[in-house]
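Just so we're on the same page: letters track the sequence lines, and every chain starts at 1. Any value given below was found using the heavy atoms of this structure, including those in side chains, with hydrogens, waters and symmetry copies removed.
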2 protein chains.
Amino acid sequence: MEQKPDRISAPARREQILEAAARVFGELGYAGATTDKVARAAGISQPYVVRLFGTKDQLFVEVLERTGERVLRAFDEAIEASDDAATVQARVGAAYVELVQTDRGVLLSLMQGFILGHDPHIGPVARRGFMRIYDRLRTVMEPEEAMRFIAQGMLINTLIASGLMAEFQQGQNVHELLACAFGDKLGLVLDGMAADR
Amino acid sequence: MEQKPDRISAPARREQILEAAARVFGELGYAGATTDKVARAAGISQPYVVRLFGTKDQLFVEVLERTGERVLRAFDEAIEASDDAATVQARVGAAYVELVQTDRGVLLSLMQGFILGHDPHIGPVARRGFMRIYDRLRTVMEPEEAMRFIAQGMLINTLIASGLMAEFQQGQNVHELLACAFGDKLGLVLDGMAADR
DNA sequence: GTATGTGGTAATCGACTGATTACTTGACGC
DNA sequence: GCGTCAAGTAATCAGTCGATTACCACATAC
């Protein structure tokens with residue numbers, strides 16, 4: 001509840017803004033989000049957001065790059081942690097679900113970027129990020145495996161973004177689909193969703 | 001090139017607008033699209049779009065419902081056409097890819113709706129449309145099959161929306177992923193993409 | 001103390017957008 | 001001919017948003 005105008009260094013403030021922006025962009029999409037909403041989510045004024053990032057475009061691009069690297073890092077750690085080649089797929093899958101649970105905005109921002117491929121600034125960054133993730137998966141999976149893995153990831157993103165996760169109790173098939181998509185991690189994720197309500 | 005103000009009946013005009021809106025919303029997203037862009041794409045003035053649909057919200061909702069039913073109809077036809085239970089999955093998959101090829105805006109509008117689940121008007125419609133498609137798949141597939149199927153559909157949507165289809169020649173892995181996701185239908189789809197350039 | 005640089009905001013501007021209003025044009029019944 | 005209704009538009013309004021400008025507060029150096 002501090003309302004003191006606590007001054008932080010510009011780089012630290014950038015981090016705060018990027019984190020808030022990931023949530024806002026993830027929820028509202030690029031066009032639907034405003035620099036003012038990002039600013040309020042970060043606890044500062046709108047002009048300062050623009051000054052630190054130059055443009056709404058550039059802010060979103062930086063969010064995209066940041067989130068893409070976050071996914072890559074999580075995958076790398078999961079890959080490194082699994083010495084057995086047979087367990088690597090389960091580990092990487094678990095890493096993705098964990099990322100979903102702890103930082104929903106990350107995945108949703110990525111998703112928002114993917115479906116803006118037509119944009120001359122955002123499109124190239126989104127495509128490159130997507131392919132970097134696929135390439136990383138291919139270092140430990142066959143093409144068919146990697147395709148199915150990333151497909152399931154897109155489904156998970158869609159389930160979260162559409163708000164179907166919060167309707168898991170409505171309709172038998174909703175719960176069935178969620179259970180099928182998340183496997184034994186479903187309970188975990190549902191708890192995570194309920195937590196930040 | 002006709003610039004005569006050809007008058008059509010209001011219901012027919014609504015169809016034109018809905019078709020144009022599916023393309024515009026699919027390309028730019030809900031917030032990114034404007035009623036004026038839809039109007040120009042349909043060859044009429046912006047106020048008339050608003051008058052026929054009341055609200056941008058309602059126009060998008062109607063597009064969503066329309067496109068959802070289009071997918072359902074395509075699936076139903078594919079299911080009906082396949083007497084053998086073993087071939088039904090391939091047939092439904094082919095129906096989806098064909099839908100992608102002939103009417104890209106349909107799938108992209110759906111996708112745009114899915115990731116706007118937070119919106120109080122759009123969210124419920126999108127979720128209901130999504131689950132109706134899943135339910136239909138479940139009449140001919142096991143849960144695991146249906147989940148994988150719809151996951152691959154989400155991947156295909158993402159690949160198209162991100163613009164990766166147009167970059168199939170850049171990077172070996174891009175082509176590999178596309179080939180893996182579309183199977184033997186890849187050539188067909190790429191031709192379809194190149195056609196409406 | 002005063003100059004200087006850094007973190008930050010209030011006020012505002014111009015462009016855009018969804019919606020409204022008032023108007024025009026033409027077909028059809030009588 | 002004339003009233004009426006449907007199809008459609010030009011003009012415009014009110015709100016929003018990204019960006020700019022001009023300013024403030026406070027530290028630290030000298």
Side-chain angles (χ1 to χ4, degrees), chain A residues 2-25 27-64 109 112-113 116 118-122, chain B residues 2-21 23-25 27-64 109 112 116 118-122:
Chain A
E2 72 270 74
Q3 52 209 20
K4 282 280 160 240
D6 38 290
R7 291 159 62 102
I8 332 181
S9 73
R13 196 59 95 179
R14 282 179 61 95
E15 293 301 319
Q16 283 188 357
I17 297 175
L18 284 170
E19 207 167 320
R23 288 199 307 274
V24 175
F25 281 130
E27 189 173 341
L28 306 172
Y30 170 71
T34 70
T35 54
D36 187 65
K37 287 196 180 106
V38 172
R40 283 176 200 283
I44 55 171
S45 69
Q46 178 261 344
Y48 198 33
V49 173
V50 175
R51 186 153 98 181
L52 285 186
F53 291 90
T55 287
K56 188 187 175 189
D57 262 336
Q58 292 175 23
L59 171 60
F60 187 67
V61 165
E62 219 161 306
V63 168
L64 268 191
S109 286
Q112 298 282 357
L116 278 174
H118 79 99
D119 186 285
H121 296 101
I122 299 169
Chain B
E2 70 268 75
Q3 52 210 21
K4 282 283 160 235
D6 38 291
R7 291 159 62 104
I8 342 178
S9 75
R13 195 59 96 179
R14 281 179 62 96
E15 292 302 318
Q16 284 188 358
I17 296 176
L18 283 170
E19 206 167 320
R23 288 199 308 273
V24 174
F25 281 129
E27 188 173 343
L28 304 173
Y30 170 71
T34 70
T35 55
D36 188 65
K37 287 198 182 101
V38 172
R40 282 176 201 284
I44 55 170
S45 70
Q46 179 262 344
Y48 198 33
V49 172
V50 176
R51 186 152 98 185
L52 285 185
F53 291 89
T55 288
K56 188 188 174 187
D57 261 336
Q58 292 174 23
L59 171 59
F60 187 66
V61 165
E62 218 161 308
V63 167
L64 269 191
S109 286
Q112 297 283 356
L116 277 174
H118 78 100
D119 185 285
H121 296 100
I122 299 170

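When the P atom of C:dA19 is taken as reference, atom OH of B:Tyr48 falls 17 Å away, rounded to whole Å. In this structure, CG of A:Asp36 is placed 13 Å from P of D:dA19, rounded to the nearest angstrom.
Taking every side-chain heavy atom of A:Val50 into account, D:dA19 is the closest of C:dT9, D:dA19, C:dT20. When the nucleotides D:dG8, C:dG18, D:dA19 are ranked by their closest atom to the side chain of B:Ile8, D:dG8 comes out on top.
Comparing A:Ala31 and B:Ser9 along DNA chain D, the residue whose closest nucleotide (by nearest heavy atom) sits nearer the 5' end is B:Ser9. Summary of the strand contacts: A:Thr35 and A:Arg51 both lie near DNA chain D, and taking for each the nucleotide with the nearest heavy atom, the more 5' one is attributed to A:Thr35.
A donor N or O paired with an acceptor N or O is not found under 3.5 Å between the base of D:dG8 and the side-chain atoms of B:Arg13. Below the 3.5 angstrom threshold, one finds a donor paired with an acceptor across the side chain of A:Arg7 and the base of C:dT6.
At the heavy-atom level, B:Ser45 lies under 4.0 Å from base atoms of the strands shown. If you check every strand for non-hydrogen atoms under 4.0 Å, A:Ala33 touches sugar and phosphate atoms only.
Geometrically, A:Lys56 engages A:Tyr30 in a cation-pi contact, judged by NZ or CZ lying under 6.0 Å from the ring centre and within 45° of the ring axis.
The phosphate of D:dG18 has neither OP1 nor OP2 within less than 4.0 Å of any side-chain N or O from A:Thr55.
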